[in-house]
2 protein chains.
Amino acid sequence: MANIENTTIPEKTIERLSEYRRTLLKCHEQGITHIFSHVLAGMHGITAVQVRRDLMLIGFSSDTKKGYDVRVLIDFITNILYSEQPMNMAVIGMGHLGQAVTKYFNGKGLKLRITAAFDIDERKVGQTIDGIRCYHIDEFESMVTDLDISIVIVSLPTSSAESLVLPIINAGIKGVLNFTSAPLNFPQGIVVENYDITTLLEKVAYFVKVAEENNN
Amino acid sequence: MANIENTTIPEKTIERLSEYRRTLLKCHEQGITHIFSHVLAGMHGITAVQVRRDLMLIGFSSDTKKGYDVRVLIDFITNILYSEQPMNMAVIGMGHLGQAVTKYFNGKGLKLRITAAFDIDERKVGQTIDGIRCYHIDEFESMVTDLDISIVIVSLPTSSAESLVLPIINAGIKGVLNFTSAPLNFPQGIVVENYDITTLLEKVAYFVKVAEENNN
């Protein structure tokens, strides 16, 4: 991730904390009150040492005889990951990917909320899709202010992505999750996560290839 | 990534190589024949040292006076990332996300090809969506053999994901890109990349929060 300064928790740990939290929420729903580090680790295909190291890093300690208190650990991780105020997000590009992301988040009760969508397609602008109002991209800067949006999810065709860089900067957006194939560069101070699905697939394919070569 | 052994190139380097390659392909299309490491680096928001280190790691060296030969570097990275044989992939779950991924890959001329889709929705089964034939999930194991599929993209609702683990193992699938919120665990030898979009967004939100705290 580009443009990050003065943070002490590594990216990979943040990813795992996010994953632990979702698993713990599921455990809590099922009435599970305590969980051992090796059980949590097993559910994520990693080692208990890794889990304990991650939790040590955020200063969480626990009575190890009964395992971690699920409710307490959920609250602890939530405090690390989230601000007290919910953050508002917008989706730019309400094609299949934009709609998948919106649908996915709707009704999950997260402190992250998608509160608006932007598109240029006249069939979408002015509509409410999966509970989210879709505005024309020309209204982007004013709506970001009106709706107090701090994070955008860029899910439009790669060819249009570059043209969004200036509006995103001008609107005062603080974080960008970019799903297009165009790596978007922003000035220091704007958090950017470039996530091209091609990269993920090429990575899986590479490790499959290596595994096959090792077997031969 | 879980279940990886005997690989020498780190995951993050593989991700960047995939990204460099796409940028280089675009440069090549535009008639650019040579590129300096600091230019390539700038396009990805990273340092030239990082680019040079990645390329050194894969054994690529070059006449630094003119910069890297774009065509040669593309071929070099392609040989690292890809097998000689194209790998066939299937999408499981042709909702918005599955369709977004399929649409995205179609006609890109990659050596990775989506050759089939699976769903349980009767309106989709038997149809051809974006050029990809959609089969019923009950046909999964036999179609994987018939179509020589080695990688699957799991893009169905999280609640159904667990039920796929056994069919995926039995079918002899070698790599899984999992977009659901359920971390899927497979035996050693199957490459798994769990990519929950919530994790990506929580990560961006966390670093936005940290940046805000540092500014206060």
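In this text the structure is predicted, and so the values were computed from the model without any measurement.
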Where on [X] is there a heavy atom nearer than 4.5 Å to chain A: the side chain, the backbone, both, or neither?
| X | result |
| --- | --- |
| B:Met43 | backbone |
| B:Leu201 | both |
| B:Arg21 | side chain |

Between B:Asn194 and B:Asn178, a side-chain donor and acceptor under 3.5 Å:
yes
With distance as the sole criterion, is a donor-acceptor pair present between the side chains of A:Tyr82 and B:Tyr206 under 3.5 Å?
no
Min side-chain heavy-atom separation B:Lys203-B:Phe207 under 4.5 Å:
yes
Is the shortest side-chain heavy-atom distance between B:Glu202 and A:Leu112 below 4.5 Å?
yes
Which of parallel (below 30°), tilted (30 to 60°) and perpendicular (above 60°) describes A:Tyr20 and A:His44?
perpendicular
Do you know which of B:Ile80, B:Leu17, B:Val176, B:Leu184 has the most heavy-atom pairs with chain A at a distance under 4.5 angstrom?
B:Ile80
Of all of B:Ser155, B:Gly42, B:Gly175, B:Ser83, which one pairs up most often with chain A through heavy atoms under 4.5 Å apart?
B:Ser83
Does any backbone or side-chain atom of A:Ile151 lie under 4.5 Å from a heavy atom of chain B? Answer side chain, backbone, both or neither.
side chain
Engaged part of A:Leu81 at the chain B interface, taking heavy atoms whose separation is under 4.5 Å
both
Gap between atom CG of B:Asp119 and atom CD1 of B:Ile129 - 0.5 Å precision
7.5 Å
